[in-house]
Amino acid sequence: KKIPSTTAAASLSTNSSAHHNKNEWKVGNSIRVLHNLNLIPLHTTGLERLLYQIEQNDPSLRELILDGITTPPLPSSSQQQQPLSFKHLEVLIEAIGPNTSIKKCSLQHSQITNEIASMLALALVDNTTMTSLSLRGNDLTSVAVQNFYSVLNSGENRTLRVLDISNNVGIDEDVSEAFETFMEQR
């Protein structure tokens, strides 16, 4: 018997091209709905498999593309999907910290707040392999940028080279420019 719970739109797709041969997690409008998503207790559905891959440092998972993951579907969407819950996102971010396989993570246009960004900043203390993180077009303010600066300036993380915070209207322009200069000098 299935127990109803939160659902999220997600799919594991294989991306093959002349330059890339890797698995990517992608979230978006044309992706199927996962049913009975509940990380506590864990079931063997898509998001739980992703969490397992992250926790096990699956070498095939080099890019984690979660753009729009917390954005609700358009009202005209025929899919019955809900945005990913804060708790699910928190569990994923906690798993990213010690991960040693993910090089690129993107959470563009995902309604990421300062609180979630702070969790990501703390995850970077433990993460020694991620080189690129995109938080473009979210709900961040200058406070989130200061948290990332504190972690990255402390020397705890020496691998992150790109942190895209563009198109976050709550970030002061001078803070954004100063952070961009800081990242260029890393």
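All residue numbers in this chain count up from 1 along the given sequence.
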Minimum heavy-atom separation for [X] to [Y], with atom names?
{"X": "D126", "Y": "P98", "result": "CB-N, 4.3 Å"}
{"X": "A117", "Y": "I112", "result": "N-CG2, 4.0 Å"}
{"X": "L51", "Y": "A95", "result": "CD1-CB, 3.5 Å"}

Working to the nearest 0.5 angstrom, can you tell me the gap between [X] [atom1] and [Y] [atom2]?
{"X": "R49", "Y": "L47", "atom1": "CZ", "atom2": "CG", "answer": "10.0 Å"}
{"X": "H109", "Y": "N167", "atom1": "NE2", "atom2": "CG", "answer": "6.5 Å"}
{"X": "L61", "Y": "K103", "atom1": "CG", "atom2": "NZ", "answer": "12.0 Å"}
{"X": "C105", "Y": "R62", "atom1": "SG", "atom2": "CZ", "answer": "14.0 Å"}
{"X": "N114", "Y": "T141", "atom1": "CG", "atom2": "OG1", "answer": "3.5 Å"}

### Message
Among L120, V145, L152, exactly one meets side-chain contact (heavy atoms from CB on, under 4.5 Å) together with L163. Which residue is that?
### Response
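Exactly one option meets the side-chain contact (heavy atoms from CB on, under 4.5 Å) with L163, and it is L152.
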
#### Entry: Reference residue L64; test side-chain contact (heavy atoms from CB on, under 4.5 Å); the match among I102, N99, L107
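Output: one option passes, namely I102.
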
Any donor-acceptor N or O pair under 3.5 Å, side chains [X], [Y]:
{"X": "N168", "Y": "N138", "result": "no"}
{"X": "N57", "Y": "T100", "result": "yes"}
{"X": "R136", "Y": "S166", "result": "yes"}
{"X": "S101", "Y": "D58", "result": "no"}

Between [X] (side chain) and [Y] (backbone), is there a donor-acceptor pair under 3.5 Å?
{"X": "T159", "Y": "M130", "answer": "yes"}
{"X": "R186", "Y": "L160", "answer": "yes"}
{"X": "S142", "Y": "D172", "answer": "yes"}
{"X": "S176", "Y": "I171", "answer": "no"}
{"X": "D67", "Y": "I65", "answer": "no"}

Applying a strict under-4.5 Å side-chain criterion to I, L, V, M, F, W and Y, I'd like to know whether [X] and [Y] cluster together.
{"X": "L122", "Y": "L140", "answer": "no"}
{"X": "I116", "Y": "V125", "answer": "yes"}
{"X": "I96", "Y": "V162", "answer": "no"}
{"X": "I93", "Y": "F86", "answer": "yes"}

### Test salt bridge (Lys or Arg N to Asp or Glu O under 4.0 Å) applied to E115 - qualifying residues, sequence neighbours left out
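Listed in chain order: nothing, the list is empty.
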
### Query
Are the side chains of E90 and M119 in touch, meaning some heavy atoms are under 4.5 Å apart?
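Contact flag for E90/M119 side chains = yes.
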
### Task
Could you tell me if the ring centre of Y149 sits under 6.0 Å from that of F182?
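Yes, the ring centres sit under 6.0 Å apart.
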
### Task
Give a yes or no on this: more than 12 heavy atoms of other residues, nucleotides or ligands lie within 6.0 Å of atom CD of E184.
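Yes - once you tally the heavy atoms of other residues, nucleotides and ligands closer than 6.0 Å, there are more than 12.
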
### Task
Taking atom OH of Y52 as the centre, report whether more than 12 heavy atoms of other residues, nucleotides or ligands fall under 6.0 Å from it.
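Counting other residues, nucleotides and ligands, OH of Y52 stays at 12 neighbours or fewer.
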
### Query
Does the side-chain contact (heavy atoms from CB on, under 4.5 Å) test come out yes or no for E63 and S132, once each step is laid out?
CA-CA 9 Å; E63 293 186 2; S132 176; over 6 Å; no

